[in-house]
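What follows is a set of notes on a single structure, which appears directly below.
Keep in mind that what you see is a predicted model, and the values were worked out from it rather than measured. Position 1 is the first residue of the sequence; numbering continues from there.
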Amino acid sequence: MPEIVIKPKASGEYTVPLEKVRTTLGRSSRNDVCLSDPFASRFHVEVRREGDDYFVADVGSANGTLMNGALLARQTRLQPGDEMRIGETTITFVRDSNSSAISHTSILWTDAHKSQEPDVTIQSTRPGRRTSGFLDALRTTTPDVTNVGVSKAVSEAFERRDLLAVVSKVGVALLSGTTLDETFKIVMDLVFDTIPAERGFLFLLDGEELLLKVSRCRSGPVQPNTADIQISRSISERVFNEGVAVLTSDAMHDPRFQGADSIILSAIRSVMAVPLSLADQTFGMIYVDNAYDSRFSEDDLKVLTTVAGVASIKIENAKLAEERLEKRRLQEELKVASEIQMRLQPVCPPPIDGYSICAYSISSREIGGDYYDYIERKRQGRYALALGDVSGKGIGAALLMSSLHAAVRAQTQTQYPIREMMANLNQYIADNSPENKFLTLFYTELDPLTGDLYYANAGHNPPILARATGQIELLHATGLPIGIMHDSEYEEACVRLWPGDVLVVYSDGITESVNTLDEEFGDDRLVTVVTKNLAASASKIRDRIDESLSRFVGTAAPVDDMTLLILKRSAS
């Protein structure tokens, strides 16, 4: 895997593998790689993967980045051995030539050891000791324990009611890596091989609901919609509420269950029900019944309880295994979604004479709902800047953000004025998203010749326009958030950036960040940081905001995505 070797001036070098689509480096702890270099900006450079190639770009650092001795001015493809210099830190790009050899060695090691693994065999370490047939029951090689033949082969041990043999054989039968549904069927096969029952059911508890997982009779499985499944609610409630096994040889006349409507079990009289439980938590039940002339005994209840006890462990393990697989699948999907989202973010701002632009976006989760972009609009030489915030979090917000990204890009290719573009965006989002989903958006177009900013604000936090004189103006909303109403209209406004003026656009994750005392960072603190640093470049203002925010938040966890975009007109 490609990697970068980082050589700080004051400490030893270390290696960072380039596993992500985008790897950011800078002095802020919000980066993937935090550099302890006083000359590095809070957000300095990023390395981005495109297919098999890797590119590096300066993201608006204050002191710049040297690439093989020359100033890094634009996104550049990395070659093995390329050297970047950030302040007093040297970073070298290398491709790991040993990766394929390591992978091959691992495969050979695994194959060699796999060939030495024996079949599933459990044997005694003390063969001279007698255990009433227990070890004989354990000495069973079972390459395929899922078939019915396993249970038939051990029927003699079950008939003797040797509970140790029952435990061992049930354990062996459940050793295989079966799915949860397959485990249910194996358990019920074992029940019918050990208990003289006519009908049997396996239930799992899902919240307040009792779900039937297996339904079968002596002759074999039956479909739930064809079986006359009418079990005693009184018995099942006792099993789940008290966690006890129940045996009644005449359920119709058992005084414990008199008066219960569900006790009417047609011609069936004898009933056994045992809990499936672990750590005093009952999560299921095995329920069997018989006609009166074939009543269950206490020995039957002991065997059924033994089977259920061993089966509970296997069922719970199978459930956990499936949950792990599902969690892994979701993590892979989130990883792909995160990579797609990273690719949607612009690499570096457009170079505009007389202006500097910088931005950053940090998600509070794997994927976020904030959006920002800069686009050169082919109309009157303008440059479009946009920043949006989707309501909610998670995958839903990320999908809507992706839709917004595509829609804004499409609208900037038209000749529509801003007010019509915003109306079109609103109509598109309203038509193609749930009613409870909406977003705020600030969209502006810069005319670099005059410094005019033409903008529309769809319910977004008012951006801060800080004049070089220290005066503060807020660019308030000119319409409703996008997606709330189908026919919303938006006004277009205009302000002019004079030399030294700064525009700060942000999502509410910045001002609503809280510290360990549950205090918000707030608008006033943000305005104070901006006004104190008006003479600085856009990137330095960004760094000062991040520093102030980091000091304020401390160890508190982020509550929302944080996105910041800064535009400054040069003082001269």
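Distance OH/Tyr360 to OG1/Thr24: 11.5 Å, rounded to 0.5 Å. Rounding to the nearest 0.5 Å gives a distance of 7.0 Å between CG of Asn461 and CD of Glu512.
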Show me the donor-acceptor pairs within less than 3.5 Å that the side chains of residues 548-558 make with the rest of the protein, sequence neighbours left out.
from	atom 1	to	atom 2	distance (Å)
Ser550	OG	Arg30	NH2	3.2
Ser550	OG	Arg42	NH2	3.2
Ser550	OG	Asp546	O	2.9

For Arg77 and Glu50, what are the C-alpha separation, side-chain angles and deciding distance, and is it a salt bridge (charged side-chain N to carboxylate O under 4.0 Å, His left out)?
CA-CA 10 Å; Arg77 180 184 176 186; Glu50 298 289 346; over 6 Å; no
Stepwise side-chain contact (heavy atoms from CB on, under 4.5 Å) check, Glu520 with Thr511
CA-CA 7 Å; Glu520 286 192 354; Thr511 53; over 6 Å; no
Decide side-chain contact (heavy atoms from CB on, under 4.5 Å) for Leu18 and Arg49; before the verdict, give the C-alpha distance in whole Å, the side-chain angles of both, and the deciding distance to 0.1 Å.
CA-CA 8 Å; Leu18 298 175; Arg49 185 180 76 237; over 6 Å; no
Would Leu453 and Leu567 count as a side-chain contact (heavy atoms from CB on, under 4.5 Å) if you check the C-alpha gap in whole Å, the side-chain angles of each, and the deciding distance to 0.1 Å?
CA-CA 11 Å; Leu453 284 173; Leu567 168 66; 4.0 Å; yes
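Here the closest non-hydrogen pair linking Thr478 and Glu491 is OG1-O, 3.0 Å. Pairing each heavy atom of Asn457 with each of Pro462, the nearest pair is ND2-CA, 4.1 Å. Minimum interatomic distance between Ile352 and Pro448 (heavy atoms only, all atoms of both residues): CG2-CB, 3.7 Å. Taking every heavy atom of both residues into account, Arg542 and Ala359 meet most closely at NH1-O, 4.2 Å. Considering all non-hydrogen atoms of both residues, Thr531 and Gly470 come closest at CG2-O, 4.5 Å. The nearest pair of heavy atoms linking Thr15 to Pro17 is O-CD, 4.0 Å.
Atom CD of Glu489 has 12 or fewer heavy atoms from other residues, nucleotides or ligands within 6.0 Å. The neighbour count for Lys540 NZ, taken as heavy atoms of other residues, nucleotides or ligands under 6.0 Å away, does not exceed 12. At most 12 non-hydrogen atoms from other residues, nucleotides or ligands lie less than 6.0 angstrom from NZ of Lys532. Counted within 6.0 Å of CD on Gln75, heavy atoms from surrounding residues, nucleotides or ligands total more than 12; the atom is thus considered enclosed. Residue Arg544 qualifies as enclosed at atom CZ: its count of foreign heavy atoms under 6.0 Å is above 12.
Here the side chain of Asn426 pairs no donor or acceptor atom with the backbone of Met422 at under 3.5 angstrom. The backbone N or O of Ser61 sits nowhere less than 3.5 Å from a side-chain atom of Ser41 that would complete a donor-acceptor pair.
Aromatic ring centres of Tyr383 and Tyr374: separated by at least 6.0 Å.
A cation-pi arrangement is absent between Lys9 and Phe39 under the rule of less than 6.0 angstrom and at most 45 degrees off the ring axis.
For Arg324, the salt bridge (Lys or Arg N to Asp or Glu O under 4.0 Å) criterion is met by no residue, not counting sequence neighbours. Residues passing the salt bridge (Lys or Arg N to Asp or Glu O under 4.0 Å) test with Arg85, sequence neighbours excluded: none.
Checked by atom type, the side-chain pair Asp431/His486 shows a donor-acceptor distance below 3.5 Å.
Screening Asp32, Ile4, Asn31, Thr89 for a side-chain contact (heavy atoms from CB on, under 4.5 Å) involving Leu25 leaves a single residue, Ile4.
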